[in-house]
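In each ligand, atom 1 is the first atom listed, and ligand 1 is the first ligand listed. Because only heavy atoms are used, hydrogens play no part in the values below, and waters and symmetry mates are left out as well, while side chains stay in. Please read all numbers here as calculations on a predicted model, not as lab measurements.
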Amino acid sequence: MKESLQIFNDIVEALLKDEQEHPVAEFVPSSELYDRLDLSLQEDAVSIETLKDVLQDLVFKTPRTATNAFFNQLFGGRNDKAVLGDLLSVMLNNSMYTYKAAGPQVGVEKVILRKICDMIGWDQHSNGTFASGGSMTNFMSMLMARDAKFANVPFDGANSKMTVYTSTESHYSIPKNASFCGIGRDQVRYIDVDEQGRMIHSKLEEVILEDIASGYTPVLVNATAGTTVLGAFDDIRAISSICQEYDIWLHMDGAYCGSVLFSKTYKHLIHGVELVDSFSFNAHKMIGTPLTCSLLLVKDEKNLYNSFSNDATYLYQTDHDEFNLGKTSLQCGRRNDALKFWTLWKSVGTKGLEAIVDKQFELADVAREYVVNHPDYSYYSYEDTISVCFNYKDIPARDLCTYLYENSKLLVGYGSFANEEFIRLVTINTQNEEKDILNFFKTIEDFVAQNQEVFLKKKSTVTK
Ligand SMILES: *Cc1c(COP(=O)(O)O)cnc(C)c1O
């Protein structure tokens, strides 16, 4: 073990040093992957030196998500205390299903869940669990919604015509999950959004009424806290009153921005969160823990047991259900995703988590100011979002993003809304400072200036 830990330390030290000079890894085109790296597996063992070299090469050529040049998705940065917690959970290698196998780690998870339920404003009947990502916590919410409406479905199978509702801007896990739940992708109703990307609740009610008239049973409305492209927040209170009227489960998908719960300044964006039946968020997004750390909170824990508990005498041999987390979990073996969050929370306190969330909005303000005040940019986002969407000199966003990537300048993605395609800068990495955000724009400007011909040609081919 000592030897491996030494190799780990050596490679990490080299990586951290290299990241300072090269925030973007060498670009390895997928077509050249197996030529440029030794990923082969062979019959015989290799020497420890070879192993170390191959690993270091692999690590060095892997996209760098923790640097000030990664803005590609809804995560980024490297929080050392959260990394510490995660490394310990790898060393301990517990499985979270029982108290017998995970011991105090069960308490770590339970303390986090309790604290967040309290922050939402829920009573002792509330509870939650962790799953392997936001798609999975959304899936769990849909299963609970279905079973809350049709208690026989877990036993008999699904044989009713069910519908779910979500906005056109919501995450693609919703239709996938509808297919897994026996509801069906085609029974997902996409509700139009307003000009800022928020679900139009009057439309929601209209569609529900049509479905009821056609013999469908609405089982779930999914509201989003932080839509994937614009980072928009659906109006929970308005949607909740419709759900109450028609007795429909309301889930809030806060995978991206549900963590505003930790901020006094921004939690108004999820005003009414206590009204939902379930709420999910990814601590690996705004909170900045390593992937994955996704939490599901449920107002009434009986729904967790109804949908996920199954007896298994080979597994549950000691302790009460309350401490055997497998009874409320989607998975059987489950990695300890709680310890990294707990280690970070313990180290910086709730106020420190608040500062993490607030900083992202501050960095977004820096970016927004810059874009709005520079005539070569057009701006597509709104206030109160950490997704700053823009175009530069009318260059097609997808071309610019791809050239920046292929030339190892920056990793940033594009998105579209209302027939416009644009670059989406996500200010989620709180190890960044104002200068890093300004440097992002400077990198784009310099790159375009140095490659005028490529981009001018692009522009003209698109406008033709
Ligand atoms: C990221 C995201 C998800 C999916 O979460 P994963 O952990 O990537 O599965 C779901 N919904 C929204 C709004 C997201 O931003």
Side-chain angles (χ1 to χ4, degrees), residues 63 65 70-77 82 86 128-143 145 164-181 188 190-191 193 196-199 220-236 239 250-261 266 269-270 273 276 278-297 329-331 334-335 337-338 340-341 357 360 364 381 384-389 413-417 424-429:
T65 63
F70 183 84
F71 299 97
N72 203 56
Q73 255 96 28
L74 310 179
F75 71 97
D86 211 12
T129 184
F130 285 62
S132 60
S135 300
M136 287 299 109
T137 42
N138 283 345
F139 179 39
M140 294 181 80
S141 76
M142 198 180 285
L143 287 167
V164 307
Y165 304 81
T166 195
S167 87
T168 51
E169 288 297 295
S170 64
H171 191 257
Y172 76 97
S173 58
I174 310 301
K176 266 171 74 169
N177 292 337
S179 83
F180 304 159
C181 286
V188 177
Y190 296 97
I191 308 301
V193 294
Q196 298 193 18
R198 299 168 297 204
M199 186 192 287
L220 170 86
V221 175
N222 175 76
T224 309
T227 57
T228 314
V229 175
L230 288 181
F233 291 81
D234 288 337
D235 180 343
I236 303 171
I239 295 172
L250 175 56
H251 174 66
M252 183 168 76
D253 173 5
Y256 179 16
C257 295
S259 304
V260 294
L261 180 69
Y266 295 99
L269 295 169
I270 53 167
V273 59
V276 308
S278 56
F279 163 47
S280 56
F281 76 98
N282 282 353
H284 70 252
K285 287 183 173 170
M286 285 188 102
I287 300 295
T289 71
L291 287 153
T292 56
C293 189
S294 186
L295 292 85
L296 175 67
L297 295 313
S329 162
L330 187 67
Q331 296 143 266
R334 183 162 60 86
R335 97 186 276 290
D337 287 327
K340 56 194 160 194
F341 191 7
V357 171
Q360 291 160 53
S381 293
D384 287 338
T385 173
I386 62 165
S387 294
V388 178
C389 299
Y414 57 88
S416 63
F417 181 70
R424 181 193 60 174
L425 165 64
V426 186
T427 56
I428 203 157
N429 174 359

Within-4.5 Å side-chain heavy-atom neighbours: His171 and Ser135: yes

Ile386 CD1 to Gln360 CD distance, which is reported to the nearest 0.5 Å: 4.5 Å

Region of Asn138 engaging ligand 1 - heavy atom pairs below 4.0 Å: side chain

No-hydrogen, no-angle side-chain donor-acceptor test under 3.5 Å, Asn222 and Asp253: no

Nearest neighbour in protein (non-hydrogen) for atom 6 (P) of ligand 1: Gly134 N, 3.2 Å

Non-hydrogen atom of Ser294 closer than 4.0 Å to ligand 1: no

For Val426 against Phe71, the heavy-atom pair lying closest together: O-CD2, 3.5 Å

Any N/O pair Ser173/ligand 1 closer than 3.5 Å: no

Contacting atoms of ligand 1, where contact means under 4.0 angstrom from a heavy atom of Gly133: 7 (O), 9 (O)

Numbering as shown, the atoms of ligand 1 that approach Gly226 to under 4.0 Å (heavy-atom distance): 13 (C)

Asp86-Thr289 side chain donor-acceptor pair, cut-off 3.5 Å: no

Nearest-neighbour protein heavy atom for atom 11 (N) of ligand 1, which is reported as residue plus atom name and distance: Asp253 OD2, 2.6 Å

Atom indices of ligand 1, in the order listed, that fall short of 4.0 Å to a heavy atom of Ser135: 4 (C), 5 (O), 6 (P), 9 (O)

Nearest non-hydrogen partners of Ser278 and His251, listed with the distance: OG-ND1, 2.8 Å

Heavy atom of His284, distance to ligand 1 below 4.0 Å: yes

Shortest protein heavy-atom distance from atom 1 (C) of ligand 1, along with the residue and atom involved: Lys285 NZ, 1.3 Å

contact_flag Leu74 ligand 1 heavy-atom lt 4.0 Å: yes

Thr137 side chain vs Ala131 backbone, donor-acceptor pair below 3.5 Å: no

Rounded distance [0.5 Å steps], CG in Asn282 versus OG1 in Thr292: 8.0 Å

Proximity to ligand 1 by part of Thr227, non-hydrogen separation under 4.0 Å: neither

